[in-house]
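Taking it in order: structure first as structure tokens, then the write-up.
Side chains are part of it too, since the values below use all heavy atoms of this structure and drop only hydrogens, waters and symmetry mates. These figures come from a predicted structure and were not determined experimentally.
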Amino acid sequence: STWEVVLKRGLSKVAGATGAWVNSGGTKCGSMRFVGEALSNASSSKVIPLIGIATWGIIEGRKELGRSTIVDYVNRSNQALDFNHSHFFLVDEGVDDQFGREVKVRAPMYSALI
């Protein structure tokens, strides 16, 4: 739709102009996928870092990732890592299939970066 195109252009323009590091939950669903698509199509000459912070226990293909193999995320489900992200922090608390386990890591991490 038109609003999606406008929002994607605006996000990529602002991020490129300010040198921002953008972050999301890193998976291929909802707003996280939207942000990944927006920044992957950015016309900026600068690389815009897009950092995904996700819970290891919900990531599809995590056992494959642990073996240092190449994992095809193009055809995976919503719990796949979004391949448009440039970097990932994966939070592992030893719990599988529970969303939001990374939330308590975000605030201290942001504070350390500022």
Side-chain angles (χ1 to χ4, degrees):
S1 72
T2 304
W3 72 267
E4 288 179 352
V5 171
V6 170
L7 191 56
K8 284 180 179 179
R9 281 188 195 147
L11 177 60
S12 64
K13 187 175 182 178
V14 169
T18 61
W21 291 16
V22 180
N23 73 79
S24 80
T27 58
K28 191 172 127 181
C29 98
S31 61
M32 298 166 283
R33 181 179 189 163
F34 182 88
V35 170
E37 289 172 354
L39 297 183
S40 73
N41 295 326
S43 59
S44 172
S45 60
K46 299 177 186 175
V47 174
I48 302 169
L50 177 54
I51 303 163
I53 305 170
T55 301
W56 173 256
I58 60 105
I59 300 300
E60 184 179 339
R62 65 186 171 275
K63 292 183 176 124
E64 296 166 62
L65 282 173
R67 286 187 241 137
S68 299
T69 60
I70 295 172
V71 179
D72 173 20
Y73 276 112
V74 175
N75 299 310
R76 296 281 181 142
S77 75
N78 287 344
Q79 281 71 45
L81 293 175
D82 180 61
F83 59 87
N84 292 309
H85 286 65
S86 59
H87 301 81
F88 292 95
F89 285 99
L90 301 173
V91 179
D92 184 6
E93 290 189 325
V95 179
D96 288 345
D97 303 319
Q98 288 187 11
F99 288 86
R101 304 296 288 198
E102 81 286 354
V103 172
K104 66 182 176 183
V105 172
R106 287 178 182 257
M109 193 162 134
Y110 298 152
S111 295
L113 292 172
I114 294 178

Tightest non-hydrogen contact, residues Ala15 and Val22, listed as CB-CG2, 4.0 Å

Linked, directly or transitively: Met32 and Phe88 (ILVMFWY side chains, under 4.5 Å):
no

Other cluster members, Leu7 - Ile/Leu/Val/Met/Phe/Trp/Tyr, side-chain contacts below 4.5 Å
Trp3, Phe34

Side-chain heavy-atom pair Arg106, Ile53 within 4.5 angstrom cut-off
yes

Is any side-chain heavy atom of Ile51 closer than 4.5 Å to one of His85?
no

Do Val91 and Tyr110 belong together in a cluster built from hydrophobic side chains that touch within less than 4.5 Å?
yes

Any link between Phe89 and Val105 through a network of hydrophobic side chains (Ile, Leu, Val, Met, Phe, Trp, Tyr) touching at under 4.5 Å?
yes

Before you tell me yes or no, could you show the steps for Arg101 and Val95 under side-chain contact (heavy atoms from CB on, under 4.5 Å), namely the whole-Å CA-CA distance, both residues' side-chain angles and the distance that decides it to 0.1 Å?
CA-CA 8 Å; Arg101 304 296 288 198; Val95 179; 3.6 Å; yes

Applying a strict under-4.5 Å side-chain criterion to I, L, V, M, F, W and Y, I'd like to know whether Phe99 and Ile59 cluster together.
yes

Within the 4.5 Å heavy-atom criterion, are Asp92 and Thr55 side-chain neighbours or not?
no

Could you check if a side-chain atom of Leu39 sits within less than 4.5 angstrom of a side-chain atom of Ile48, using non-hydrogen atoms only?
yes

Assess whether a salt bridge exists between Glu93 and Lys104, defined as any Lys/Arg side-chain N lying under 4.0 Å from an Asp/Glu carboxylate O.
yes

State, to 0.1 Å, how close Pro49 and Ser86 come at their nearest heavy-atom pair, and which atoms those are.
CA-OG, 3.5 Å

Arg33 and Glu37: CA distance, side-chain angles, deciding distance, salt bridge (charged side-chain N to carboxylate O under 4.0 Å, His left out) verdict
CA-CA 6 Å; Arg33 181 179 189 163; Glu37 289 172 354; 3.3 Å; yes

What's the shortest heavy-atom distance between Ser12 and Ala38, and which atoms?
CB-O, 3.8 Å

For the student: nearest non-hydrogen atoms of Asn84 and Ser40, plus distance:
OD1-CB, 3.2 Å

Any non-hydrogen side-chain atom of Arg62 less than 4.5 Å from a side-chain atom of Leu90?
no

A side-chain contact here means heavy atoms from C-beta on lying under 4.5 Å apart; do Asn23 and Leu50 qualify?
no

